[in-house]
Amino acid sequence: MAIATTYSRAIVGVEAFSISVETHLSKGLPGFTIVGLPETAVKESKERVRSAIINSNLKFPDRRITVNLAPADLPKAGGRYDLAIAVSILAASGQLPKQVLRNYDILGELALNGDIRSIHGALLSVAAAQDECKPVILPIADRDRLSPLNYTGAYSAGTLIDVVSHFTGASQLRPIAMADSNEAEECEAAEVPELNQIKSQSLAKRALQIAAAGGHNLLLVGPPGTGKTMLANCLVKLLPVLSTAHALEVASIHSVAMLSEHHSNWRMPPLRCPHHTATSVALVGGGNRARPGEVSLAHRGVLFLDELPEFNSRVLESLREPIEAGSITISRASYRVCFPANFQLVAAMNPCPCGYAGDVTRECICSSERISRYLSKISGPLLDRFDLMIEIPRLSPAEIILQQEQKQDTGRIKQQIKSCRRAQLERAGKANAELGGQGIEQYCSISSKSQKMMASTMERLGFSARAYHRILKVARTIADYEQHPTIEDEDLLEAINYRRLDRLGSMSV
Ligand SMILES: [Zn+2]
């Protein structure tokens, strides 16, 4: 019987589903049909597969060819099935032995000359094959994307002929060499934050360490040129390197988006800095193929929004769901996908449209009406989601010169943050910023005297209940950072101090 089956993988969200590629050669007029919910790029596969087989000096069968991609209800997009289709046609026509194909997952888009091109989600597909202990063949161009994995059953191929030779036994494809295990330490040592390059902003530098130690969201407010962007860049370097499991999650999302910049230092938490013209699809994900957005690309790392009020306010509101849930669900007509989006939000903004409100060196030219319109773009609920808000003042040149600062030992700070994070994981299984209502009750209790102090402060400053919970979580992190077993009043006062900008209107002095 002229039937052969090969296997491939479909990517839906951040999951790689097994797809069987069945080919039947029958009598009748020569023709080529692909069934099983294929999108346009898959339908065009016919032309690529035919040319690739002919140009590899193999025989394209002069029969009626039916290819079925099963299960039929999974959406199938892109040219990723080309290679599996070509191999199954060659097997059905007796040019390859059928039995040896049985176990393999085969992935790759074909060029007309038989070269194999890169696909998206290569890492996810190999990880899924590894879980099932199946050997997998993928494009040689995607080899470098696999560094987070350690799987000797993955083979890379450059052309269709290479794959055919592998199955006929003429010459074996070589398994992909994987990363060695010391990489975590090397990666950690290579990234040193430039804390000492930031002059005289001691409050900001302290807030940065607290934010890193507890995974808290941070808002930086100050005139242009005071180092807000540099501070945000520093934060990601202060964070501990990712565990293998977390690094794999990040690499999987990046592999779906076909991002390539993350490969060499794949254990570093990602930093994403979308421009303020970004649409909500770019930010939270979507589009007709349901691609991950910036919030998911920043998963386990930092999402930095510079010039926060310049973002479209509707776009900013779309951030609320992922901030609360740590994930984002995108619905399409025939399926739903859920992308992880557990990120630390860092935002920077000027105090007014011209940037000089409250600045001693230049006068602000904005009317109070313009300032309040500018600040009102950030809604109260969004503002509530920042745990730490700090003002970065502009210092006069004399102040910068006169303030003799001691150089901070960034290596030691990084170590302290790392052990602080580890302690939180051991205690609650998550960072302090991720604690829910029950976790706050359990781990962030304060004395009855402190409770009274908090009650009067909340009333005086008009804090919301959500703000109160965030203060408790930050206080817990400060206590952890200072190695206090329980939250002390000084920890609480420092945490309250980081929320003095809660009513942004009060900044327009
Ligand atoms: Zn101004």
Side-chain angles (χ1 to χ4, degrees), residues 197-208 211 216-235 273-280 283 302-320 345-403 460-464 467 496-509:
Q197 285 181 21
I198 302 163
K199 297 289 173 217
S200 307
Q201 302 282 8
S202 50
L203 175 70
K205 281 190 261 187
R206 167 79 178 174
L208 209 61
H216 299 289
N217 296 337
L218 174 67
L219 176 64
L220 307 164
V221 184
T226 44
K228 289 175 296 198
T229 308
M230 203 181 202
L231 280 164
N233 278 316
C234 255
L235 176 67
C273 314
H275 189 251
H276 60 73
T277 53
T279 60
S280 57
L283 211 55
V302 173
L303 179 70
F304 177 50
L305 304 181
D306 201 1
E307 310 276 359
L308 187 67
E310 300 296 333
F311 280 80
N312 181 310
S313 48
R314 270 216 319 279
V315 171
L316 287 182
E317 289 309 296
S318 64
L319 283 175
R320 277 162 59 181
L345 178 62
V346 179
M349 61 184 282
N350 295 335
C352 69
C354 83
Y356 293 99
D359 194 326
V360 283
T361 58
R362 264 173 80 169
E363 207 173 330
C364 168
I365 51 159
C366 311
S367 66
S368 60
E369 197 185 33
R370 216 173 137 217
I371 294 179
S372 57
R373 201 167 52 234
Y374 173 78
L375 298 176
S376 68
K377 282 188 168 177
I378 305 163
S379 71
L382 180 65
L383 208 54
D384 263 352
R385 283 165 173 85
F386 288 99
D387 305 326
L388 301 103
M389 306 173 192
I390 48 167
E391 212 166 344
I392 318 251
R394 182 192 303 287
L395 302 170
S396 65
E399 280 175 299
I400 294 174
I401 295 163
L402 288 176
Q403 282 190 15
R460 190 157 44 85
L461 299 177
F463 286 152
S464 67
I496 294 171
N497 202 32
Y498 291 132
R499 289 201 78 99
R500 276 188 317 164
L501 302 175
D502 224 318
R503 289 146 140 203
L504 267 183
S506 64
M507 290 186 324
S508 49
V509 274

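For ligands, and for the atoms within them, numbers begin at 1 and follow the listed sequence.
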### For the Zn ion (ligand 1), every protein N/O/S atom that sits closer than 2.8 Å, waters excluded
C352 SG, C354 SG, C364 SG, C366 SG

### Task
Identify the heavy atoms of C366 and I371 that sit nearest to each other, and give their distance.
CB-CG1, 3.7 Å

### Query
Do NZ/NE/NH1/NH2 and the carboxylate oxygens of R320 and E317 come within less than 4.0 Å?
yes

#### Entry: Of L308, L388, I390, the residue whose pairing with L219 passes side chain to side chain contact (heavy atoms under 4.5 Å, CB included)
L308

### Task
Quick one: pull up CZ in R460 and CD1 in I496 and give me the separation to the nearest 0.5 Å.
8.5 Å

### Query
Is it true that a side-chain atom of D384 and a backbone atom of A467 form a donor plus acceptor pair closer than 3.5 Å?
no

### Shortest non-hydrogen contact between P351 and P223, atoms and distance
CD-N, 3.8 Å

